[in-house]
Amino acid sequence: MGAVNGRRAIYLLLTIGFASVTPGSVEAWQDNGYTNLHVLPADVSRAELGRVMLENTRSLGLPRRAGEGCLHCHVGSLDLPREEWDYASDEKPAKEQARVMMAMVREINDGHLARLSGRQSVEVGCATCHAGRLNPMPLVDLLLAEHRDGGVESLESAYRTARARYYESDAYDFRVGTLAGVATQLAGAGRPEDAVRVHRMNIEYHESPEAHAGLMRLRLEQAFRSGGADALVSRYDALRDEHPPEAFQPGVLDVLGWGLFRSGNKEVARTLFEMNLAEFPDAFPSHESLAYVLMDAGEVERALELARAWVREHPDHRSGAQLVTELERMAGAGR
Ligand code: HEC
Ligand code: HEC
């Protein structure tokens, strides 16, 4: 009680004294009772300050109940009446960080964005970056940081916690690509077993072909690395016992094949594309990829034959028609 009212009394005295010296500047001055503003204007109205503080609290995902979220930045206690909280204190580091942020947001809006065009239609606010969480790090980075600090168990529990808390919000991207991307990075960093666990968790949350495809490709790459093309082909057969039939889509071998092609394993890539065409004779990607690889190998006739056969079957398919044109152009240039 005392602290705030006492301060307001002092303010009243100060403003009255001030008023007697320079009456003209006093009109705008309001007795808001605030004593420690460095970013907001000193004479900010109570309504405006309240709006700003609520934005600070909400956009960082802090609890709103009984001012609990205010306590992230302000000194006080849920056991004390709100009037006894010391909002002016700078004791908590988060308050100083928030000042830096408030000044930054103002600079972005009034300085940079205002310079772009006279009419500014989008205001940047705390939520633009924080979107309901204190740490604005994207989920992929956050999970990799957890992995660095505490291994794959830590990563898994961070994901489950974030998902339980934020799934319905826009704080994090929980789509299937997030964990798949994390797994790919782990595999690339020489942690394939951790990558397998992350793929498994992805399948647990997304029973979708895309989630399965990540794990399938990782298994196939491992087989290729340890036993070459033959091992890869027989591993593909073995995958049928481990994944549901819907998981077998043209994209599995297609993406893997192009990866191998780019790393110089053109023969294996071709084998995979032939397998893909045999398994998915009605899919365009299996025709397209094989046609390009045949073209690359100088087998122009068969490449064109494949593409033209597709167009005969699908006369309205635009990408098919483009493929024929492209292959004819390449064939012409090669002559
Ligand atoms: C993310 C940090 C943060 C949160 C959360 C927050 N504030 Fe603040 N608050 C600040 C900062 C920073 C200032 C100082 C602004 C300045 O320097 O212009 C401030 C200033 C104030 C002041 C003025 C204090 C004075 O006398 O100078 C009051 C009152 C206040 N906040 C109330 C609240 C209330 C009520 C809540 C909860 C609804 C809240 N704040 C939530 C960061 C926060
Ligand atoms: C342009 C993006 C951006 C905007 C807009 C933004 N922040 Fe931040 N904020 C960050 C980043 C990035 C960090 C983490 C800095 C670091 O790595 O320590 C951060 C950290 C913070 C922290 C420290 C987090 C902690 O762990 O306690 C607070 C508090 C904070 N911001 C408050 C705010 C408030 C309040 C606003 C709106 C006035 C705001 N931020 C607007 C990007 C932003």
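Computed from a predicted structure; not experimentally measured. All heavy atoms count here, side chains included; hydrogens, waters and symmetry mates do not. For ligands, and for the atoms within them, numbers begin at 1 and follow the listed sequence.
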Query - atom 31 (N) of ligand 2 within contact range, any protein heavy atom under 4.0 Å - result: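 For atom 31 (N) of ligand 2 the answer is yes, since some protein heavy atom falls inside 4.0 Å.
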**Asked** Any protein heavy atom lying closer than 4.0 Å to atom 7 (N) of ligand 2?
**Response**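 So atom 7 (N) of ligand 2 has protein heavy-atom neighbours under 4.0 Å.
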Shortest protein heavy-atom distance from atom 25 (C) of ligand 2, along with the residue and atom involved =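 Atom 25 (C) of ligand 2 sits closest to the protein heavy atom Leu134 CG, 3.9 Å.
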Run down the list [options] and name the one with the heavy atom closest to [atom].
atom: atom 5 (C) of ligand 1; options: Val39, Leu62, Leu71; result: Leu62
atom: atom 14 (C) of ligand 1; options: Glu68, His130, Glu55, Lys95; result: Lys95
atom: atom 23 (C) of ligand 2; options: Gln97, Arg133, Met53, Met104; result: Gln97

Tell me whether [X] has any N or O atom under 3.5 angstrom from an N or O of ligand 1.
X: His38; answer: yes
X: Thr35; answer: yes
X: Thr57; answer: no

Query raised in the report: Does Asn56 come within less than 4.0 angstrom of ligand 2, counting non-hydrogen atoms of the residue?
Result: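 Right, Asn56 reaches ligand 2.
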| message | Hydrophobic clustering (ILVMFWY, side-chain heavy atoms < 4.5 Å, transitive) - are Tyr292 and Val255 grouped together? | response |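 No, Val255 does not connect to Tyr292 through the hydrophobic network.
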### Message
Under 2.8 Å from atom 8 (Fe) of ligand 1, is there any N, O or S atom belonging to His74?
### Response
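Checking His74: at least one N, O or S atom is under 2.8 Å.
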- How about Arg51 and Glu55: do any of their side-chain heavy atoms sit closer than 4.5 Å?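 With C-beta onward as the side chain, the pair touches.
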So Leu232 and Leu260, do their side chains get closer than 4.5 Å, heavy atoms only?
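The answer is yes, as the side chains (C-beta and beyond) meet within the 4.5 Å cut-off.
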Parallel, tilted or perpendicular: rings of Trp258 and Phe273 (30°, 60°):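 If you compare the ring of Phe273 with that of Trp258, the planes turn out tilted.
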Quiz prompt | Numbered atoms and elements of ligand 2 in range of Gly125, under 4.0 angstrom, heavy atoms | solution =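 This gives 5 (C) as the contact atoms.
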### Query
Are Gly69 and ligand 1 in contact, using a heavy-atom cut-off of under 4.0 Å?
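Yes, Gly69 has heavy atoms under 4.0 Å from ligand 1.
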*His72-ligand 2 polar pair, N/O distance under 3.5 Å*: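 Yes; at least one N/O pair falls below 3.5 Å.
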Side chain, backbone, both or neither: the part of Cys126 lying under 4.0 Å from ligand 2 by heavy atom: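 The answer is both.
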Glu210 and Arg175 ion-paired at < 4.0 Å: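 No, Glu210 and Arg175 are not salt-bridged.
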Does the ring of Tyr172 carry Arg133 above it, NZ/CZ under 6.0 angstrom from centre and within 45° of its axis?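 Positive - Arg133 is close enough to the ring of Tyr172 and near enough to its axis.
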